[in-house]
Amino acid sequence: GEVGSQVRLTVQRQGRDDPFDLEMVCEPLPGTVPELAVHDVHVDSDGAIWLGLVDGEILRYQVKANTWRLFTSEDGLVMGWRPRIDQTRDGSIWTVYNATRAGVNHFDGERWHHHTVPGNTDDNTTLFALSDGSLLVSGIVDLSRFHNGVWTSYRHEPLARPKTRIAQFLESKDGDIWVAALGGEAY
């Protein structure tokens, strides 16, 4: 929309039955965003909306305060392109970038921190926060888990997992983890 125009969105959070309406007034974004092409959207536990922009920037909209913040490499992000975003139980926001071996970033509410995933030799393209507070990070070959401050990396064998890029993780109510791979496979 044009600057000053009103936009109304209905936001449905994954796994929640409580959609909510959001009204915003279009305004110029802080910083320089050459193109607002969004790759991923995450609504955090406080209701803030996180947008992963195709070129790697992370844009946060804090609904209650009606404020925008653009995060770039100047804020400590080790960036790639097409970021994925999720939030772990401790409130940290995590990002991983497509087609880069740059590891993962997490935002603790004040600043970004970068992690290299030990034992992971892969392009990290997907991440998912589990109900136990841990984080799964995957690419084409490696699957890693961050739990209680420790990284554990796994190769294909002995895991029953696709030998292609993982597109999405889902966790069922009983704690089983479902994996959707590019090409339509599910495990």
Side-chain angles (χ1 to χ4, degrees), residues 9-20 22 38-52 58-64 71 77-78 82-98 102-120 122-187:
L9 303 170
T10 298
V11 178
Q12 174 67 55
R13 294 181 278 189
Q14 182 179 350
R16 305 276 296 266
D17 294 329
D18 61 342
F20 61 92
L22 176 65
V38 177
H39 178 69
D40 195 21
V41 177
H42 179 77
V43 179
D44 72 19
S45 58
D46 293 328
I49 300 170
W50 295 79
L51 305 173
I58 303 295
L59 183 61
R60 178 184 65 194
Y61 176 63
Q62 292 181 297
V63 177
K64 295 173 187 169
F71 297 100
L77 280 173
V78 176
R82 300 173 116 187
R84 298 296 301 248
I85 307 167
D86 210 338
Q87 180 181 31
T88 48
R89 194 171 58 192
D90 68 357
S92 293
I93 297 293
W94 293 80
T95 65
V96 67
Y97 289 89
N98 200 1
V104 297
N105 299 289
H106 91 270
F107 185 70
D108 63 9
E110 294 184 23
R111 57 186 285 256
W112 288 97
H113 305 270
H114 181 259
H115 300 267
T116 300
V117 182
N120 186 315
D122 206 353
D123 291 343
N124 300 312
T125 59
T126 306
L127 76 166
F128 184 73
L130 296 170
S131 61
D132 69 358
S134 62
L135 181 77
L136 294 178
V137 176
S138 182
I140 298 170
V141 177
D142 296 322
L143 173 68
S144 300
R145 179 177 180 230
F146 185 69
H147 185 68
N148 293 329
V150 176
W151 285 101
T152 304
S153 291
Y154 309 93
R155 300 304 295 229
H156 283 301
E157 280 67 19
L159 301 174
R161 62 164 281 180
K163 291 178 175 52
T164 185
R165 182 175 292 181
I166 291 176
Q168 182 73 41
F169 290 104
L170 294 172
E171 183 176 13
S172 64
K173 290 183 180 182
D174 63 2
D176 286 345
I177 300 168
W178 290 85
V179 177
L182 292 181
E185 296 177 83
Y187 295 80

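Heavy-atom basis, side chains included; hydrogens, waters and symmetry copies ignored. On a predicted model such as this, the values are computed, not experimentally measured, just so you know.
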Tell me the closest heavy-atom pair linking [X] and [Y], and the distance in Å.
X	Y	value
Pro83	Gly52	CG-CA, 3.6 Å
Arg145	Ser134	NE-OG, 3.3 Å
Gln87	Ala129	O-CB, 3.0 Å
His42	Ile85	CB-CG2, 3.8 Å
Asp174	Asp176	OD1-N, 3.1 Å

Can you check side chain to side chain contact (heavy atoms under 4.5 Å, CB included) on Phe71 and Asn105, steps first, answer last?
CA-CA 12 Å; Phe71 297 100; Asn105 299 289; over 6 Å; no

Any side-chain heavy-atom pair from [X] and [Y] closer than 4.5 angstrom?
X	Y	result
Ile93	Trp112	yes
Asp44	Trp50	yes
His147	Asp132	yes

In Å, rounded to the nearest 0.5 Å, how long is the span from [atom1] of [X] to [atom2] of [Y]?
X	Y	atom1	atom2	result
Leu127	Tyr97	CG	OH	11.0 Å
Thr95	Phe107	OG1	CZ	11.0 Å
Asp86	Thr126	CG	OG1	11.0 Å
Leu51	Asp40	CG	CG	9.0 Å

Who are the side chain to side chain contact (heavy atoms under 4.5 Å, CB included) partners of His106, not counting sequence neighbours?
Ser92, Trp94, Asp108, His113, His115

